[in-house]
Amino acid sequence: QVQLVESGGGLVQAGGSLRLSCAASGRTFSNYAMGWFRQAAGKKREFVAAISRGGSRTLYADSVKGRFTISRDNAQNTVSLQMNSLNAEDTAVYYCAGRAGLAVTTDDYDYWGQGTQVTVSS
């Protein structure tokens, strides 16, 4: 199995930046496409960004395109989400997810982290 642990969440003012990290267990990290999802209070979980196994292909939700950047380091078994120009609508619990195969924008992922809270003050 794959275990995922997110970190880097916190409180930030509107217009600021945060960088989230996700550490994965195992030696087969490169076999998994990785994604970031978020869930705001009272709302359903939504797709944020995804990255292919080799890191050459990325996908973004329209709401974060141009502001967020997903990246991965297969040597360190980590995936990151750089978040810039944050606004109150970005406030949510952010989850790291892994999927055997291609990166997708749905929540059809095999492994999930525990989530990390991001709060943007306005």
Side-chain angles (χ1 to χ4, degrees):
Q1 65 166 332
V2 175
Q3 295 187 94
L4 306 174
V5 180
E6 304 96 333
S7 63
L11 176 65
V12 64
Q13 294 193 33
S17 299
L18 280 176
R19 185 176 180 86
L20 305 182
S21 295
C22 174
S25 65
R27 298 180 179 179
T28 59
F29 176 71
S30 62
N31 291 338
Y32 295 89
M34 301 296 297
W36 286 96
F37 293 77
R38 67 187 183 186
Q39 186 169 23
K43 298 184 178 180
K44 67 183 298 290
R45 185 172 59 199
E46 66 176 356
F47 169 78
V48 176
I51 189 167
S52 62
R53 289 167 288 181
S56 61
R57 178 173 179 252
T58 57
L59 303 170
Y60 295 96
D62 289 341
S63 60
V64 307
K65 191 174 300 182
R67 299 189 297 121
F68 291 10
T69 302
I70 188 171
S71 61
R72 69 188 298 160
D73 186 339
N74 287 347
Q76 295 195 12
N77 284 12
T78 58
V79 60
S80 298
L81 185 69
Q82 178 66 47
M83 305 185 294
N84 299 326
S85 302
L86 288 163
N87 57 64
E89 295 181 357
D90 297 316
T91 295
V93 176
Y94 283 71
Y95 297 91
C96 177
R99 184 178 190 271
L102 301 176
V104 296
T105 62
T106 66
D107 63 356
D108 187 21
Y109 282 71
D110 301 307
Y111 304 99
W112 295 83
Q114 83 289 349
T116 185
Q117 176 71 47
V118 172
T119 302
V120 184
S121 63
S122 60

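None of these values were measured; they are calculated from a predicted model. Note that the numbering runs from 1 along the sequence shown for the chain.
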* Straight-line distance of Arg45 CZ to Thr106 OG1, nearest 0.5 Å -> 10.0 Å
* Asked: Between the main-chain N or O of Ser85 and the side-chain N or O of Arg67, is there a donor-acceptor pair closer than 3.5 Å?
  -> yes
* Would you call Thr91 and Gln117 a side-chain contact if the rule is heavy atoms closer than 4.5 Å? -> yes
* Any sub-3.5 Å donor-acceptor pair from Arg19's side-chain atoms to Gly8's backbone N or O? -> no
* Can you find a heavy atom in the side chain of Asp107 that is under 4.5 Å from one in the side chain of Trp112? -> yes
* Would you find a donor on one side and an acceptor on the other, under 3.5 Å apart, between the side chain of Tyr95 and the backbone of Glu6? -> no
* To do: Could you please spell out the steps behind the side-chain contact (heavy atoms from CB on, under 4.5 Å) verdict for Thr78 and Ser21?
  => CA-CA 7 Å; Thr78 58; Ser21 295; 5.8 Å; no
* Asked: If you draw a 6.0 Å radius around CD in Gln76, do more than 12 non-hydrogen atoms from other residues or ligands fall strictly inside?
  -> no
* To do: Rounded to the nearest 0.5 Å, what's the gap from OG1 on Thr116 to CG on Leu81? Could you check?
  => 11.0 Å
* Would you name the heavy atoms of Gly101 and Ala33 that are closest together and state the gap between them? => O-CB, 3.4 Å
* How about Glu89: does its CD atom have over 12 heavy atoms from other parts shown lying under 6.0 Å from it? -> no
* Stepwise side-chain contact (heavy atoms from CB on, under 4.5 Å) check, Trp36 with Cys96 -> CA-CA 5 Å; Trp36 286 96; Cys96 177; 4.0 Å; yes
* Please check if the side chain of Asp90 supplies one atom and the backbone of Val118 the other of a donor-acceptor pair under 3.5 Å. => no
* Just how far is it from atom SG of Cys22 to atom CZ of Arg72, taken to the nearest 0.5 Å? -> 10.0 Å
* Asked: Any chain of hydrophobic side-chain contacts (each under 4.5 Å) joining Phe47 to Ile51?
  -> no
* Structure fact -> Sorted by chain and residue number, the ring-ring contact (aromatic ring centres under 6.0 Å, His included) partners of Tyr94 (sequence neighbours excluded) come out as none
* Is the side chain of Asn74 donor-acceptor paired with the backbone N or O of Arg53 at a distance under 3.5 Å, no angle test? -> yes
* Asked: Hey, are the side chains of Arg38 and Val64 touching, using non-hydrogen atoms and a 4.5 Å cut-off?
  -> yes
* To do: Look only at the side chain of Tyr60 and the backbone of Ile70, and say whether a donor-acceptor pair between them is shorter than 3.5 Å.
  => yes
* **Gap between atom OG1 of Thr58 and atom NZ of Lys65 - 0.5 Å precision** => 9.0 Å
* **Arg99 side, atom CZ; Ser52 side, atom OG - distance, nearest 0.5 Å** => 12.5 Å
* Going only through I, L, V, M, F, W and Y residues with side-chain contacts under 4.5 Å, is there a path from Val79 to Val93? -> no
* Asked: Leu20 and Tyr32: same hydrophobic cluster, using ILVMFWY side-chain contacts below 4.5 Å?
  -> yes
* Geometric class of the Tyr109/Phe37 ring pair [parallel <30°, tilted 30-60°, perpendicular >60°] -> perpendicular
* Out of curiosity, Ser17 OG to Leu86 CG, how far, rounded to the nearest 0.5 Å? -> 6.0 Å
* Looking only at atom types and distance, does a side-chain atom of Ser25 sit under 3.5 Å from a main-chain N or O of Gln3, one as donor and one as acceptor? -> yes
* Determine, using the 4.5 Å side-chain heavy-atom cutoff (strictly less than), whether Met34 and Leu59 are members of one ILVMFWY cluster. => no
